[in-house]
Amino acid sequence: MLDINFVRQNPDDVIAMLHRRQMGGDAGKVYKLLDIDSSRKEMVQRTDDLKALRNRVSKEIADIKRSGQGSAEELISQMKSVSDQITELDADLAKLETEMEELLLTLPNRLHASVPEGRSADDNLLYKGPVEFTHDLDFEVRNHLDLGKSLGILDFERGAKISGAGFPVYCGKGARLERALINFMLDTHTENHGYTEVFPPFMVNQESLRGTGQWPKFADQVYFMPEDGLYAIPTAEVPVTNLHRSEMIDPAKLPIAYVAYSACFRREAGSYGKDTKGFLRVHQFNKVEMVRFTRPEASYDALEQILSHAEAILCALKIPYRVITLCGGDISANAAKCYDIEVWSPAENKYLEASSVSNFEDYQARRSNIRFKADSKSKPEFVHTLNGSGLATSRLMVSLLEHYQTADGKVMVPEVLRPYTGFDVID
RNA sequence: GGAGAGGUCGCAUAGUUGGUCUAGUGCGCUCGCCUGGAAAGCGGGUAGGGUGUAACAGCCCUCGAGGGUUCGAAUCCCUCCCUCUCCGCCA
């Protein structure tokens, strides 16, 4: 969420940002917010004055009672009415503060100056690549669905039977390949890139969703367990970022770098009919996620580092990809800047998003109250949070199967995964 | 699921017949004095948020969270959360 002080001092910047995000219609929210903010201040002043009076007189009453000199009846009845006023004003104030909080929570993050202008995904800019790796595909390529089915490694039909559409089952060598990918990525990030591995819960409370910004914006995209008030995580970003919710981080520990595997659950409501084939859009998938907490001045370097760490996986797997910078109209509300890594699918003949690498600056940290003190004397500051998929296996699997297929319908296992799979070829 | 105990300012603790607790003490940390230097000793400081100020000061709120009673709540009442112990059940 945005700092109300920033909004107050730079309302025009906030509105300009909304326009860059193609959300100019929300400009009214900013004025409403400022309006509420100023009445809130006024009201705080009034209640605080009354509370100060009550505190002072209550002490006088205590003195009178203790000494037994004189009567406190008059003061008590005065304070009774003061207290009634306070109760009333506090209720009004609480209402205002709730309203203000709700407005603030729905405003998107600031945008970094380097985020390109644009209305939609068509206006995203190529940042790196395409990075090519040659694979011998001079035959009729099959798509990942055909390959998965004929090799008996993917079973969408039975997944639909036991759970529903969009819940794939991996079988035999497919299951092993999936596990190999996850392990390879975790090992690479922990051993080569300096991340600490975390294995988080897959269900979280609403506070956690709010902390990272999925709540309230994506409320309808998250699976909910009403009996227990728990939500299935749409990404490991949620539990891992919330590890430090409401904490004052020891500055010596910064920057913090975590990597986590998790299953990810998404309802994908409203997207029926789009990319329904196989792995292109599923309700449950696996992802290895990198999450970082940095000092504000270090976050943009960290963004590039996370990107390079995700790229390192694709280079090791020799999977062609490119990196794009999302434009103002396409970037998510939480992010100040975001790169997408897209892997090439020879069968679909297009790039598929396999990773998103984002800097949230202090947007999530403010929501989830994650701070540090540069030194013992300085004021607490919000950390910057970042994350990047490194990577999601579903679309990676699409690209991998398609690139590594052979003319006779088998799939070779990429070199680097062979120690993990224990076999060289899927047949 | 049932019964009990407990959650206090970094840590450990005091405080539960409501008012002298805007929270004491010890440890830790930190600054100063002392010292050739250090230890010990002595003295001071040591949370967050809001409001306010040029900046201070001041004022308000926070003793797990949220309500309530009261002129006044760490202290009484209610709800919830968490931790520990015991019992039951169980992948």
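Order of the sequence lines sets the chain letters (A, B, ...), proteins ahead of strands, with each chain counted from 1. Predicted model only: the values in this text are computed from it and were never measured.
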Hey, is the side chain of A/Asn55 pairing donor to acceptor with the base of B/rG72 inside 3.5 Å?
-> no
Once you round it to whole Å, what is the distance between [atom2] of [N] and [atom1] of [X]?
X        : N      : atom1 : atom2 : answer
A/Lys379 : B/rG49 : NZ    : C1'   : 9 Å
A/Glu42  : B/rU51 : CD    : C1'   : 13 Å
A/Lys51  : B/rC60 : NZ    : P     : 10 Å
A/Arg8   : B/rG52 : CZ    : P     : 8 Å
A/Asp48  : B/rU51 : CG    : C1'   : 6 Å
A/Arg54  : B/rA73 : CZ    : P     : 6 Å
A/Ile76  : B/rG19 : CD1   : P     : 15 Å
A/Lys80  : B/rC71 : NZ    : P     : 4 Å

Check whether any side-chain N or O of [X] sits under 4.0 Å from OP1 or OP2 of [N], and answer yes or no.
X        : N      : value
A/Lys373 : B/rG48 : yes
A/Arg56  : B/rG72 : no
A/Arg371 : B/rG49 : yes
A/Lys59  : B/rC71 : no
A/Ser77  : B/rC71 : no

For [N], give the paired nucleotide (Watson-Crick: N1-N3 plus N6-O4 or O6-N4; G-U: N1-O2 and O6-N3; both under 3.5 Å), or none.
N      : result
B/rG36 : none
B/rC84 : B/rG4
B/rC21 : none
B/rG45 : B/rC29
B/rU16 : none

Using the [atom1] atom on both, measure [N] against [M] and round to a whole Å.
N      : M      : atom1 : value
B/rA74 : B/rG88 : P     : 41 Å
B/rC63 : B/rG10 : P     : 13 Å
B/rU25 : B/rG36 : C1'   : 36 Å
B/rU70 : B/rC33 : C1'   : 49 Å
B/rA23 : B/rU62 : P     : 13 Å
B/rC34 : B/rC42 : C1'   : 8 Å
B/rG52 : B/rA57 : C1'   : 10 Å
B/rA39 : B/rC27 : P     : 16 Å

Between A/Glu289 and A/Lys287, does at least one N-O distance fall below 4.0 Å, as a salt bridge requires?
-> yes
Identify whether the distance between the nearest side-chain nitrogen and carboxylate oxygen of A/Asp37 and A/Arg8 falls below 4.0 Å.
-> yes
Indicate, with a heavy-atom threshold strictly under 4.0 Å, whether A/Leu75 touches base, sugar-phosphate, or nothing.
-> nothing
Taking the six-membered ring for Trp, is the centroid-to-centroid distance between A/Phe293 and A/His244 below 6.0 Å?
-> yes
Ring centres under 6.0 angstrom apart (A/His189, A/Tyr258) | no
On RNA chain B, check which nucleotide each of A/Leu53 and A/Pro380 is closest to and give me the residue with the more 5' one.
-> A/Pro380
Residue whose nearest RNA chain B nucleotide is more 5′ - A/Asn5 or A/Asp49 | A/Asn5
Can you check whether A/Ser345's main-chain N or O pairs, donor with acceptor, with A/Arg395's side chain at less than 3.5 Å?
-> no
What residue among A/Lys337, A/Gln305, A/Glu361 forms side chain to side chain donor-acceptor pair (under 3.5 Å) with A/Tyr300?
-> A/Glu361
Can you tell which of B/rC60, B/rG49, B/rC71 lies closest to the side chain of A/Ala52?
-> B/rC60
Determine whether more than 12 heavy atoms belonging to other residues, nucleotides or ligands lie under 6.0 Å from atom NZ of A/Lys29.
-> yes
